[in-house]
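Here's the structure, in structure tokens; my notes come after.
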Amino acid sequence: MTEQIIKWYNKNKRDLPWRDNKDPYIIWVSEIILQQTQIKTGIPYFKKFIKKFPNIESLANSQEKELLKIWEGLGYYNRALNMLETAKIIVFNLNNIFPNKYQDLLKLKGIGSYTAAAISSICFDQKIGVVDGNVYRVLTRYYNIEDPINQIGTKRKIQEIANKLVTHKKPGLYNQAIMDFGSIQCKKHEPKCDICPLKNKCKSFKANTVKFRPVKSNKKYQKKRYLNYFICCNKKKIIINQRDSSNIWKKLYELPLIETNKEYSTIEALQNDYFKNKKVSKMQLLQKMTHHLSHQKLIISFWLIESQLNEPILKQKMIHISEIQNFPFPKPIQKFLQLFFNK
DNA sequence: CATCCGTGGGA
DNA sequence: TTCCCAAGGAT
């Protein structure tokens, strides 16, 4: 199987900006960006990132805010914060030497089994199998594995299989090959089984279960949240706040927020429930939108307000609207600010 | 271990 | 419209 996938890869490999590169910094950046992110989405972010932070020293010496600005819109913002922490550790505590062993890489923030396998195999020729979404699909089909892949036991089992398949003298080449194979050939929708070089040995192909692999056991429930944002716009200045690390959109900026337990459509009702005792001269609903996160559905209302609503809000910061572009915002707020100020 | 953490694209 | 999920990891 290994050799057939390598052969397939030599004919069908994709040309990617980080490919044919063994610099652990470059590979690390690309792997973190690509976590749960489609390649097409990741490529422009990778280019921006490397241009801004061409080496690990520049990243280690950067500010959280400028890093998040590069990451803005990509999601899973903890990835960026973890990268900064790890860059500092490597540069300042490890004599600027990138760890080259799987087990040592695993100790770093933001590097789990997949990323440790990728870096150690691609950059340092360690024979550890990468197991990402593509590999789960290829292996559960090839071996017709019907155990749910989101269970710990199945994960261990597939990691072991993946490790045994890394027999090639260039483990990193093989690891990238099986991922490309899963992405292009053994893809989720309409896999090209008719021209697949593995179809004679593929157990799911024989059993006609290809489209049912892999099996997942979970169903997730989307919690609803109601966010009310207030734009306190005063002579070309607005108030923004920085979110903390406890919740969604870690360390990103947002407008003054009141989270409610239901949706409000009128000023009177919202005012009555949340600022009955405050004087608000003018308040108006500007925009409503819904925004889906992987586990939450956000119902967002943007209100224009004239009194500044100072008291319940900590860490508040007044900025000129020309400074907006310097701050990283979550996607829906970015959209709103664009709508509001580009009229 | 189950749940949390973003966003965009495809069916 | 709604659901799934993509070069996953932390807690």
Side-chain angles (χ1 to χ4, degrees), chain A residues 13-14 16-19 26-46 68 71-83 85-86 105-119 121-122 129-138 148-156 158-159 162 172 174-184 187-190 211 214-223 225 243-252 254 289-298 300 328-335:
Chain A
K13 67 182 281 192
R14 289 177 286 189
L16 302 173
W18 49 85
R19 204 146 256 181
I26 299 293
I27 298 302
W28 174 52
V29 171
S30 72
E31 296 299 349
I32 302 296
I33 287 177
L34 291 171
Q35 286 171 5
Q36 295 293 282
T37 303
Q38 296 192 340
I39 290 197
K40 190 167 57 176
T41 306
I43 286 177
Y45 280 91
F46 172 79
L68 286 171
W71 212 268
E72 181 184 41
L74 188 56
Y76 289 144
Y77 299 95
N78 212 23
R79 289 184 291 177
L81 302 174
N82 283 336
M83 282 189 87
E85 206 173 313
T86 289
L105 288 163
L106 268 185
K107 294 173 189 164
L108 299 170
K109 275 281 182 66
I111 296 185
S113 57
Y114 165 78
T115 306
I119 294 174
S121 67
I122 294 172
V130 291
V131 180
D132 73 332
N134 293 308
V135 176
Y136 277 122
R137 192 167 52 252
V138 173
I149 60 166
N150 45 353
Q151 289 179 359
I152 186 70
T154 313
K155 290 184 182 185
R156 264 200 298 268
I158 293 184
Q159 179 72 62
Y174 164 75
N175 275 336
Q176 293 180 82
I178 190 171
M179 288 191 283
D180 260 22
F181 182 81
S183 174
I184 298 170
K187 53 185 183 168
K188 176 170 173 54
H189 295 290
E190 299 178 355
K211 65 179 172 184
V215 173
K216 278 193 182 178
S217 62
N218 259 0
K219 45 221 147 211
K220 59 209 163 193
Y221 161 71
Q222 256 193 335
K223 185 173 95 176
R225 290 174 72 176
R243 292 183 65 84
D244 61 24
S245 295
S246 66
N247 205 310
I248 61 172
W249 297 330
K250 296 185 204 311
K251 298 293 187 78
L252 265 61
E254 64 184 356
M289 57 175 82
T290 60
H291 184 77
H292 293 265
L293 280 57
S294 47
H295 286 71
Q296 299 179 18
K297 179 179 182 181
L298 308 179
I300 307 176
F329 293 100
K331 209 65 183 177
I333 296 180
Q334 197 187 342
K335 275 182 194 163

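Chain letters run A, B, ... following the sequence lines, proteins first, then strands; residues in each count from 1.
Comparing the P positions of dT3(B) and dC4(C) gives a spacing of 15 Å, expressed to the nearest Å. Between the C1' atoms of dG6(B) and dA6(C), the separation comes to 12 Å (whole Å). Here, dT11(C) and dC1(B) have their C1' atoms 10 Å apart, quoted to the whole Å.
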* To do: Heavy atoms under 4.0 Å is the rule here; annotate nucleotides 5-11 of chain C 5' to 3' with B where the base is hit, S where only the sugar-phosphate is, and - elsewhere.
  => SBBBSS-
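With sequence neighbours left out, the side-chain contact (heavy atoms from CB on, under 4.5 Å) criterion links K188(A) to R137(A). Looking at residues two or more places apart in sequence or on another chain, you find a side-chain contact (heavy atoms from CB on, under 4.5 Å) between K223(A) and Y221(A), R225(A). The side-chain contact (heavy atoms from CB on, under 4.5 Å) search around A80(A) returns L67(A), L68(A), W71(A), not counting sequence neighbours. For K250(A), the salt bridge (charged side-chain N to carboxylate O under 4.0 Å, His left out) criterion is met by no residue, not counting sequence neighbours. Residues satisfying the side-chain contact (heavy atoms from CB on, under 4.5 Å) criterion with Y76(A), sequence neighbours excluded, are Q36(A), R79(A), S294(A).
Here dG6(B) is the nucleotide among dT7(B), dG6(B), dG9(B) with the atom lying nearest to any side-chain atom of I248(A). Considering only the side chain of K40(A), dG10(B) comes nearest among dG10(B), dT7(B), dC5(B).
Using a 4.0 Å heavy-atom distance criterion, G42(A) is classed as making no nucleic acid contact. Using a 4.0 Å heavy-atom distance criterion, Q151(A) is classed as making no nucleic acid contact.
An OP1 or OP2 oxygen of dG6(B) is reached within less than 4.0 angstrom by no side-chain nitrogen or oxygen of H292(A).
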